[in-house]
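These notes are about the structure you will find just below.
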Amino acid sequence: MTEQTIPGTGSGYDPQKIEEKWQKRWAEARVFESDVDPSKPKYYVLEMLPYPSGTLHMGHMRNYTIGDVVARVKRMHGFNVMHPMGWDAFGLPAENAAIKNNTHPREWTNKNIAEFQRVLRRFGFSYDWRREISTCEPEYYTWNQWFFLRMLERGLAYRKKSRVNWCPKCCTVLANEQVVNGGYCWRHEDTLVESREIEQWFLKTTAYAEQLLDDLKQLDGGWPERVILMQRNWIGKSQGAKVRFAVADLAGAEPIEVFTTRIDTIYGATAVILAPGHPLDSKLLEASPARVEADAKLAKMRQTSVKAEDLATMEKEGFFTGRYATNPFSGEKIPIWVGNFVLMEYGTGAIMAVPAHDQRDLEFCRKYGLPVRVVVEGKEVQSLKLKVEGEKKLAGAARTGQEAVEEAFTDYGVSVNSGPYSGMESEATIAKMTAFAEQKGFGRAETIFRLKDWGISRQRYWGTPIPVVYCSKDDMVAVPDKDLPVLLPPNPKLTGMGESPLASTPEFVNTVCPKCGGPARRETDTMDTFVDSSWYFYRYCDPHNDKAPFDSAKAAYWFPIDQYIGGITHAILHLLYSRFWCKVMRDLGLIKHNEPAVRLFTQGMVQKGGVAMSKSRGNVVGAEDMAQKYGADTGRLYTLFAAPPEKDLEWSEESIEGSWRFLNRVYRLVERHAQAVRRVKSRNACAATASRKEKILLRKAHQTLQRVTQDFETRWHFNSAIALIMELTNGIYLQEPLEEGVRQEVRKELLELLTLMLAPMTPHLAEELWEMLGHTGGLWTAGWPAFDEALTREDEVEIPVQVNGRLRGKVKVAVGTSGDEVEKLARADAVIAPHLAGKSIVKRIFVPDKLLNLVVA
RNA sequence: GCCCGGGUGGCGGAAUGGCAGACGCUGAGGACUUAAAAUCCUCCGGGGAUUUUUCCUCAUGUGGGUUCGACUCCCACCCCGGGCACCA
């Protein structure tokens, strides 16, 4: 080998050259392509597909590096690994860029895809590129339309009026992220966004609410607990009852239905409160003396729904409607109010206010002087508190329920002041009251969910057209399957103003009715891009199928996903929608499993200066620059080494040098011995014939292998695995020159293990070293090495000796030495002995080969 | 307000209840070199004693507890980050 070196390294390690060389070989040998093969165990590892925008930065790279390590480790373990990649290619940024630069969104998108792909290839990720998909291609989105039609047939897709953000200057609908500074248009920062009601398409996620909740149990242990929890809260199951309160003295008025989880507190209800916007509130106000005033208040309350973030801190406000409702249990007449803290979109849009047992109700009632009546008492401690408070305020008053309650008592307890239910425990009261309400026909048990149906309509161009048409004769008609895909018109007018782009494209809008052949108009909404990402991982199984979204047999082989990896930012929406889609596909008979991914890993963010990398902050570390400077392997290694994968990682330009130096060190080590060992067979010497040096090195190597194997399989603590490999490397260096006392075959064994352990993380370097060590078949044909348990065993250990739990010294003994023997040595130790002098040992804790603790008095 | 994470040297971070600070970065020193870079080796939490060696002591956000022994388990609190939020 020549003395040629690249500047500044002092070694022959040239990542640019090596990386290109091996990427080419891998491609030629089709190493990462995998197909259905029932004779082999399969492993499907998937990273969340990226939205191709801007530059690919180290945040992306971290995600893909983790996935790639897993894919490569699994391959080495003999699995048939599917590891695909694709593009979440529809979406608003492309449309905005197109408006700004007067180009087509496709142009911008494809340019970015090409760029992303180039950089991902540069990093040597082991993707099966034959499976690449791009969601903006008709070959893909036609199946979005196909799924939509299936849902439409099953009543899972429907239209209803719904609120959107509307900019009066743009005359268009804004996405949530286009609403800035707490309610202003992103382009007209002086213009307040309005809330408008328009017809929109929804998918009935609520039809699967119960299953989405229940099946979370199947993900226990495989998904991060907090993601499961976030999903559970999002679904928000709440069991309770709906109860109707008749409106007193108003002929023809509908009764007011309230939802409550605490029907047992109904005797303590001192008002009924409606949400602003409740269908009854204007009706109740008719002929009310306070009408004019009330109308103004109502109008104001209805308007405030735009500023969501203020809701939390907003003062509770309300007004009396002048009407009364009848408590169906007690017959009592209680006032009907309107209150801004009651939500129209949750429950029935009306509540009964029980101030003694709900903190919000208490605040409201206190503000407006409504009475507070205790109807549940705690069984023990809490009841004392209530009594004390009550007696203090109303010295000696009987339990009238008029105590001045400081804080709402929300726990279960015993019913009081509740007619025939007094004295019963809360659970029993709930059951009896619900039964009674059902029997009398004014209420029933009910479970409600916080989860809402998924609004998929977007008034945008760059998305999947919703495949329905509107005909004056036949009303709404689904586009038949044979007419799919409904293609996006190639030349839209994108201005960002006025009606949606598709609506202003006559050649798209005007069509014929598939039923009657008469003139008809196409639906001009496009689908939310979460639709694309809800099932893309199924398409990877069969990316070019033009008869179906995918072949069921192929999906049956590859699914469920064994390991899904992505950011915590998608903990709710993407994953919930994917789970929903999976259940719908199961009910369509396409698949048999209930959950798409059995294991989920959420990696931490890559930060710079304590904040996430983003273009606007200007702290982006481009992946390509990184590869240019140090090579892909160093970049990969550093992202794995700097922090455990689930934690946030602070990018440091200084620290990465360490990873670079380490790889150089490994390269030089192998380079130095390659000539001497390339022709011998690697074989670890048996302990009996091994020299002292050999023993030290082989033990260290196999101990490292043992722990690294574990780290890769269970803990995924790549950072400590790398630390161990560094230690091994340092250990080998310390025994140099190896020519003295280490046989060639042992040297080869050591260097091979080192290479194989690095292979999943720094694959290019590992391939190069493997070749230098005399292998011609490519490292990809090598399996993960097995460690030799006998070689990992130490024959001597240093046992820490504690006196009263404090470390006082160490004794060196043979493995398996008895406690008595260790104690004898400890007593004789010059440092330890003084701590025992004049004291007697009352207890001895001895953990063989680990520790001796002498408790003295 | 509620729910999750997290708090360990100058920095990133290691430690199935058993030697706190592995490994790396930074810094210091030495070797090599005409020199520099690179490389190789050594040292690197605070305080104290002893002065070539060691030893003692404090130290994992704070205060308690459990234990022979706690970064690790329990209770209370403080701080930082994230998510959710008037959900009846």
Side-chain angles (χ1 to χ4, degrees), chain A residues 5 7-11 224-227 229-230 232-234 236-238 240 258-262 265 273 275 308-309 311-316 339-343 345-354 357-361 363-364 410 448-451 568-569 571-572 604-605 607 610-611 638 641-644 646-659 661-662 664-665 668 715 717 719-727 729-730 733-734 736 798-810 830-831 834 842-847 850-856:
Chain A
T5 57
T9 65
S11 107
E225 246 174 84
R226 64 173 169 153
V227 174
L229 195 78
M230 281 160 90
R232 185 164 285 138
N233 291 341
W234 189 261
K237 181 176 178 172
S238 199
V258 304
F259 176 76
T260 177
T261 54
R262 293 298 302 272
T265 63
I273 310 178
E309 65 263 44
L311 272 178
T313 48
M314 221 159 64
E315 173 82 11
K316 287 184 179 45
N340 65 348
F341 71 104
V342 179
L343 306 175
E345 48 295 341
Y346 184 75
T348 59
I351 63 160
M352 61 179 196
V354 185
H357 304 290
D358 183 290
Q359 192 58 32
R360 293 156 302 176
D361 296 350
E363 281 167 34
F364 188 84
T410 56
I448 65 167
F449 292 88
R450 203 194 82 111
L451 180 73
I568 186 75
T569 38
I572 297 177
M605 282 184 306
Q607 309 184 324
V611 288
Y638 178 67
F641 180 59
E646 71 278 7
K647 283 216 212 154
D648 289 346
L649 182 159
E650 175 67 27
W651 187 263
S652 155
E653 206 58 47
E654 269 176 353
S655 297
I656 195 171
E657 296 276 351
S659 298
R661 278 202 281 264
F662 168 66
N664 275 284
R665 207 164 140 84
R668 281 192 303 271
R715 297 198 324 161
H717 278 197
N719 57 332
S720 48
I722 294 166
L724 288 168
I725 298 171
M726 286 174 167
E727 268 188 78
T729 308
N730 294 344
Y733 264 87
L734 285 177
E736 288 276 26
E798 237 187 10
I799 297 185
V801 178
Q802 299 181 341
V803 177
N804 287 344
R806 301 184 62 99
L807 182 74
R808 294 303 178 187
K810 293 165 193 177
V831 179
V842 295
K843 195 173 177 184
R844 185 177 87 189
I845 289 101
F846 179 70
V847 186
K850 277 271 173 156
L851 168 118
L852 174 71
N853 185 9
L854 299 171
V855 185
V856 299

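We name chains A, B, ... by the order of the sequence lines, and we start the count at 1 in each one.
Between B:U26 and A:Ser655, no contact under 4.0 Å exists linking OP1 or OP2 to a side-chain N or O. Between A:Asn719 and the phosphate of B:A14, there is a side-chain N or O to OP1/OP2 separation shorter than 4.0 Å. The phosphate of B:C68 has OP1 or OP2 within less than 4.0 Å of a side-chain N or O from A:Lys843. For B:G24, the OP1/OP2 oxygens have a side-chain nitrogen or oxygen of A:Asn730 closer than 4.0 Å. Here A:Arg665 does not reach the OP1 or OP2 of B:G24: none of its side-chain N or O atoms lies under 4.0 Å away. Under 4.0 angstrom from either OP1 or OP2 of B:U26 there lies at least one side-chain N or O belonging to A:Arg661. Phosphate proximity of B:U57 to A:Arg808: present, with a side-chain N or O under 4.0 Å from OP1 or OP2. Contact annotation: A:Arg806 does not reach the phosphate of B:C19 (side-chain N/O to OP1 or OP2, under 4.0 Å).
Looking at heavy-atom distances under 4.0 Å, A:Arg226 makes contact with sugar-phosphate atoms alone, never a base. Within the nucleic acid shown, A:Val342 comes within 4.0 Å of at least one base atom, counting heavy atoms only. If you check every strand for non-hydrogen atoms under 4.0 Å, A:Arg844 touches nothing. A:Gln802 comes within contact range of at least one nucleobase, with a heavy-atom separation under 4.0 Å.
For B:G30, the glycosidic angle deviates from 0 by more than 90°, giving an anti base.
Counting heavy atoms from C-beta outward, A:Thr410 and A:Gln359 have side chains that stay 4.5 Å or more apart.
A straight line from CG of A:Asn233 to C1' of B:G82 spans 14 Å, rounded to a whole angstrom.
Closest to the side chain of A:Ala723, from the set B:C86, B:C68, B:A22, is B:A22.
Aromatic ring orientation, A:Tyr638 versus A:Trp651: perpendicular (interplanar angle above 60°, classes split at 30° and 60°).
Both distances falling under 3.5 Å, in either a Watson-Crick or a G-U wobble arrangement, place B:G24 opposite B:C11.
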